[in-house]
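Remarks on the structure that follows.
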Amino acid sequence: MHELAVAQALIEQVEGVIRQHHAERASRIRVRIGPLAGVVPELLASAFPLAAAGSRMAHAALDLVDAPITVRCQTCGAESEAAINRLVCAACGDWHTQIVSGDELLLESVELETTSALAPNSSSLAPKHV
Amino acid sequence: MCDTCGCNLTPGNRHLAFKPVAPGTTAVSVLKGLLAKNDDQAAHNREHFDRRGILAVNLMSSPGSGKTALLEATLAALKDEFGCAVIEGDLETENDAERIRALGVTAHQIVTGTACHLDAHLVHDALHHMNLDGVDLLFIENVGNLVCPASFDLGQHLNVTLLSVTEGDDKPAKYPVMFRAADAMLLTKTDLLAVLDDFDPDKAEAHLRQLANPAPVLRLSARRNLGMDAWLAWLRAELAAQRARVKTGRTRRPAIQPDGAQLHRATA
Ligand SMILES: Nc1nc2c(ncn2[C@@H]2O[C@H](COP(=O)(O)OP(=O)(O)O)[C@@H](O)[C@H]2O)c(=O)[nH]1
Ligand SMILES: [Mg+2]
Ligand SMILES: [Zn+2]
Ligand SMILES: [Zn+2]
Ligand SMILES: [Zn+2]
């Protein structure tokens, strides 16, 4: 679905990082996806090589990092883990909570090859869930 | 907002940046929302609206939940009271825009082809094809889809998510990303409740609360003109709130994207 659009946005951003640091290419890209971001990690992992073909990150490893859903209760102040369709406080059961994490869709970091003399890094395209 | 300049670095995470990992290789910490470019465009669209005092409302639902029928009934009731305009998003055809134009209201059709959602750039292009003079209320009918549209900020102030009573009252639990983003949930086609025995409006509302969403739940039938007054009153109140914000130089974003503070905290 829209994971191809997300992959294209990712590639544009990484291209910007490569340019800004006068690097040769990206060898590893780390993206953090919360379950509430509305992006399916597996679909993003399969869209990425299609979108990256021919770019300066065509052989980069894409690490997709899960983020747990955590909510803070506005009634009792507790912070607890929550399920995607049950964002209630685990301590007191109230639904008046705020998301602390779990809705992020973040480019966390990029490993850049700054000189062309070195061997290319891993070209694994499989997602890694940490 | 700036691109990849490192402005997302905080004292807490600065040590992560520019860390050499191997000779000839550098790890750069970016900590930036992936859809930042869409979000920047959305912020620009919102400036267009705020400069003109327009309230922009994004309608989302499955295909066939009654978005266009709701717009027809809403515009028939409000078009003499406010300046109204509509942006229609569909995979194909001008049909929905033609239904709106038949009421004498300006409508621009975005045909997305294969894209299953609108994004901020598509909406910006549409804005520059429309005459927004005298417009108070702009409705954006998103592509019928309970998944992708929730991830893309268009520059709207409010999200309205429709759930028709033929779809099942547990849809908020099945599509939490979409329903969490709703500033109002409309239970539509309530005239059909009498012939359906398994849709419980209270259950639909309870599922919404489980998503920590305090949004009002309005029950209505656009075709039978049931419950429309509460919806029209909500729109009038939201337009008044928008006008008060514009006067004091403030704006409002719907609950789609995490805010900057959360981006920082996510990596702290
Ligand atoms: N019974 C009933 N049918 C409705 C109502 N609103 C819409 N419909 C019907 O639902 C179908 C889809 O409506 P439409 O507005 O095109 O849905 P959209 O795809 O969300 O824009 C049409 O056949 C409408 O006549 C309603 O309030 N009651
Ligand atoms: Mg429609
Ligand atoms: Zn609590
Ligand atoms: Zn989509
Ligand atoms: Zn513009």
Side-chain angles (χ1 to χ4, degrees), chain A residues 1-3 5-7 9-10 12-14 16-17 19-21 23-24 26-28 30-40 67 71 74 82-89 94-119 121, chain B residues 3-6 8 13 16-38 114-117 119 145 147-152 170 172-181 206-214 255-258 262-263 265-267:
Chain A
M1 304 276 270
H2 60 306
E3 278 75 7
V6 174
L10 169 64
E12 254 179 75
Q13 278 200 25
V14 174
V17 175
R19 245 192 339 264
Q20 190 201 1
H21 292 272
E24 297 290 326
S27 53
R28 182 169 289 274
R30 206 174 147 90
V31 172
R32 179 182 286 257
I33 306 180
L36 287 165
V39 169
V40 181
V71 298
Q74 291 171 290
I84 187 163
N85 54 13
R86 225 177 152 264
L87 303 172
V88 300
C89 174
D94 201 306
W95 59 263
H96 293 89
T97 63
Q98 280 174 326
I99 299 290
V100 176
S101 83
D103 61 352
E104 55 273 78
L105 182 60
L106 269 189
L107 173 56
E108 270 200 350
S109 63
V110 181
E111 275 178 35
L112 297 173
E113 288 177 29
T114 46
T115 58
S116 49
L118 280 124
N121 279 29
Chain B
D3 262 345
T4 58
C5 73
N8 284 312
N13 63 34
L16 294 169
F18 315 118
K19 183 177 58 178
V21 286
T25 307
T26 318
V28 179
S29 174
V30 184
L31 307 178
K32 198 172 168 202
L34 270 198
L35 297 175
K37 202 172 164 212
N38 183 76
T114 54
C116 41
H117 57 272
D119 66 29
N145 176 343
V147 183
C148 325
S151 295
F152 293 85
D170 60 350
K174 288 180 173 162
Y175 296 90
V177 176
M178 169 63 64
F179 284 91
R180 199 170 76 83
H207 283 300
L208 186 72
R209 302 297 172 235
Q210 294 282 297
L211 303 177
N213 190 337
I256 291 190
Q257 300 286 326
Q262 282 167 318
L263 297 186
R265 194 165 348 110
T267 49

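Chain letters run A, B, ... following the sequence lines, proteins first, then strands; residues in each count from 1.
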- Query: Side chain, backbone, both or neither: which part of A83(A) has a heavy atom under 4.5 Å from chain B?
  - Reply: neither
- With a 4.5 angstrom heavy-atom cut-off, which part of Q74(A) approaches chain B: side chain, backbone, both or neither? neither
- Message: Can you tell me how the ring of F152(B) sits relative to the ring of H2(A), calling it parallel under 30°, perpendicular over 60° and tilted otherwise?
- Response: perpendicular
- Do side-chain atoms of Q210(B) reach the backbone of A173(B) as a donor and acceptor pair under 3.5 angstrom? no
- Message: Show, in sequence, the C-alpha distance, side-chain angles and deciding distance for V28(B) and H21(A), and conclude whether the side chain to side chain contact (heavy atoms under 4.5 Å, CB included) test is met.
- Response: CA-CA 9 Å; V28(B) 179; H21(A) 292 272; 3.5 Å; yes
- Query: For R209(B), does the CZ atom sit with more than 12 other heavy atoms under 6.0 Å from it, leaving out its own atoms?
  - Reply: yes
- Query: Side chain, backbone, both or neither: which part of N213(B) has a non-hydrogen atom closer than 4.5 Å to chain A?
  - Reply: backbone
- Message: Under 4.5 Å from any heavy atom of chain B, what part of V71(A) do you find: side chain, backbone, both or neither?
- Response: neither
